[in-house]
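Here is the structure we will look at.
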Amino acid sequence: MSKTRVKYICSNCGYESLRWLGKCPGCESWNTFVEEIIETSKRKPAAYKGQISFQKINDLTSSEEERMKTGIDEFDRVLGGGFIPGSVVLLGGDPGIGKSTLAMQAASGIKEKVLYVTGEESVRQIKTRADRLNVKSDDFYVLSETDMNVIIASINSLSPLLVIIDSIQTMYRSELDNSPGTITQIRECTSLLMEQAKRNHFCVIIVGHITKEGFIAGPKLLEHMVDTVIQFEGESNHTFRILRAQKNRFGSTNEIGIFEMQGNGLREVKNPSELFLSERSREISGSVITASMEGTRPILLEVQALVTPSNYGNPQRVATGFDYRRLSILLAVLEKRAGYRLSANNVFLNMAGGVKIDEPAIDLAVCCSIASSLLDKVIDNNVVLIGEVGLGGEVRSVGNIEKRIQEAQKLGFKKVIIPHSNLKGLKENASIEVMWIENLTDAINNIMK
Ligand code: TYD
Ligand code: MG
């Protein structure tokens with residue numbers, strides 16, 4: 001006996017309720033509840049009478065050595081060294097960021113059978129993109145379909161090693177009454193794919209769209225289910241794209257991959273520092289170079305600040321690529337500890353190149369760029385500044401200092417300013433001058449010309 005009822009699910013976190021709610025008690029977001037149809041069955045499940053099998057962990061072989069590489073180093077590194085057979089990867093990102101392009105390029109690098117399932121484009125449109133990306137692989141199959149049952153049947157008949165589902169929001173299972181894109185459909189389609197992938201040892205890339213508020217449906221829900229969640233980010237008016245792992249059952253989540261979108265697809269950026277510094281403005285106040293760690297790689301980048309007098313009431317603070325609240329804190333530290341009056345000034349801060357940085361090690365550079373712009377004094381452009389700034393105006397130690405210094409040296413910088421507490425155990429380096437400072441005022445006094 002079954003009857004149909006409805007319930008309400010938060011499309012952000014998956015919180016369930018029998019009533020519609022304006023604000024989600026789970027994740028506190030507003031207006032995220034959507035109606036879902038549920039089928040309930042009153043029948044009790046019968047006791048299991050089938051065969052049960054266990055295996056000894058020592059008898060099993062690990063799938064680490066079977067990792068399937070795409071040949072795109074930036075992508076493989078984010079995955080933890082390639083796909084583990086049977087794993088499901090969720091590739092999320094804003095519409096138009098390049099998810100389909102990335103998935104297709106990754107798939108074309110694989111020497112085995114690949115099935116690209118599209119629910120958004122026609123097979124011909126896929127072909128147009130493939131030509132643009134110069135896909136040559138002979139084992140690349142395309143299917144334009146949204147019914148999961150047909151997709152699973154196609155997978156079973158083709159036995160590919162990699163399946164791309166573009167996108168999960170367009171897929172549906174015909175047994176369910178919900179329309180495609182609803183949480184129930186997304187969850188059920190994903191769990192079916194997971195189950196098939198684990199059983200038949202193929203890998204799946206699930207493409208998922210994101211809106212400003214998060215996923216269109218069920219981000220947390222999907223994140224819990226899949227093995228790996230990677231996010232493709234970038235500013236729409238910049239050509240750089242950053243691939244970040246948010247969850248990875250088989251690798252680190254610290255790694256990032258950097259790409260540049262070009263006319264014929266995504267190009268790997270192997271040396272990000274050179275790229276971020278390529279348009280560096282020389283001899284201009286407010287410009288400072290710093291070294292940030294992105295995963296295991298140090299990246300040198302330019303921090304730019306512009307401080308102008310505010311003539312109308314409230315001064316503006318705008319930060320691009322940097323946390324706004326962190327900027328407010330650093331401004332307060334500059335006022336109180338270093339004595340710069342910023343309350344009557346507009347402050348605009350920018351991470352050049354469109355990168356987003358959330359590492360405290362660039363605090364010192366941010367403070368110095370603001371001071372430099374306020375005083376209109378140029379900072380020597382051969383200096384790299386590294387350090388976290390505390391509320392007392394003290395400069396605190398940061399991780400991976402050697403790697404950062406090496407990167408600065410590699411790119412021909414003459415001097416690096418580091419926190420005093422990072423000096424311990426630091427190896428001598430002949431080709432770059434290492435200077436230590438204890439607080440913010442020391443740093444500012446030292447670098448202004
Ligand atoms: P697409 O992969 O379709 O994005 P998504 O699947 O995330 O929605 O790519 C979208 C953008 O990328 C589109 O605006 C065109 C641009 N693009 C290039 O600049 N070069 C290329 O070679 C390709 C294929 C796309
Ligand atoms: Mg797409």
Side-chain angles (χ1 to χ4, degrees), residues 70-75 78-79 88-110 114-137 140-146 148 151 162-172 180-181 185-186 189-190 193 203-219 222-223 226 228-246 256-269 275 353-356:
T70 64
I72 304 175
D73 290 344
E74 299 288 301
F75 190 74
V78 173
L79 287 177
V88 177
V89 175
L90 175 65
L91 173 62
D94 294 329
I97 200 82
K99 299 180 295 298
S100 306
T101 310
L102 180 67
M104 182 172 267
Q105 277 184 266
S108 71
I110 286 172
V114 174
L115 177 64
Y116 190 110
V117 185
T118 173
E120 299 193 334
E121 291 153 304
S122 68
V123 175
R124 288 177 129 200
Q125 284 168 318
I126 295 286
K127 173 67 180 157
T128 315
R129 183 182 291 118
D131 285 345
R132 204 169 162 187
L133 303 177
N134 202 13
V135 175
K136 287 262 166 26
S137 168
F140 197 114
Y141 295 83
V142 194
L143 173 71
S144 180
E145 184 57 64
T146 51
M148 277 312 286
I151 294 170
L162 175 68
V163 177
I164 295 162
I165 303 290
D166 190 2
S167 64
I168 192 71
Q169 274 99 358
T170 56
M171 304 298 162
Y172 72 97
Q185 282 289 7
I186 290 180
C189 292
T190 309
L193 281 165
C203 308
V204 185
I205 300 181
I206 296 179
V207 174
H209 293 297
I210 298 183
T211 58
K212 270 222 168 70
E213 297 81 43
F215 270 71
I216 285 176
L222 277 191
E223 278 175 30
V226 300
T228 304
V229 181
I230 49 180
Q231 187 92 5
F232 207 30
E233 325 173 325
E235 300 267 325
S236 51
N237 44 3
H238 279 96
T239 53
F240 305 123
R241 302 281 183 270
I242 294 180
L243 193 65
R244 231 180 255 281
Q246 286 188 346
I256 66 160
I258 303 182
F259 295 89
E260 192 179 358
M261 182 62 99
Q262 295 187 333
N264 55 355
L266 293 156
R267 187 183 67 86
E268 293 177 75
V269 176
L275 191 100
V355 275
K356 275 197 204 107

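Whatever order the structure lists them in is the order used to number ligands and atoms, beginning at 1. If you're wondering where the values come from, they're calculated on a predicted model, not measured in any experiment.
For the pair Gln105/Ile72, a side-chain contact is recorded, criterion being any heavy-atom separation below 4.5 Å from C-beta on. Taking 4.5 Å as the limit, every side-chain heavy atom of Gln246 sits out of range of all side-chain heavy atoms of Ile230.
Here 1 is the count of protein N, O or S atoms positioned under 2.8 Å from the Mg ion (ligand 2), waters not counted.
Using bins of under 30°, 30° to 60° and over 60° for the plane-to-plane angle, the ring pair Phe140/Tyr116 lands in the parallel bin.
For Thr118 and Asp166, the side-chain atoms include no donor-acceptor pair closer than 3.5 Å. Under the 3.5 Å distance criterion, with hydrogens and angles disregarded, a donor-acceptor pair is assigned to the side chains of Glu120 and Ser167.
Exactly one residue among Arg241, Lys99, Arg244 makes a salt bridge (charged side-chain N to carboxylate O under 4.0 Å, His left out) with Glu233. That residue is Arg244.
Judged by distance alone, the side chain of Arg132 and the main-chain N or O of Gly263 form a donor-acceptor pair under 3.5 Å. The backbone N or O of Phe240 lies less than 3.5 Å from no partner atom in the side chain of Glu260, so there is not a single donor-acceptor pair.
Protein neighbours of ligand 1 below 4.0 Å, counting non-hydrogen atoms: Asp94, Pro95, Gly96, Ile97, Gly98, Lys99, Ser100, Thr101, Arg129, Arg132, Leu133, Met261, Gln262, Gly263, Asn264, Gly265.
Nearest heavy-atom pair across Val117 and Glu145 is CG1-O, 3.7 Å.
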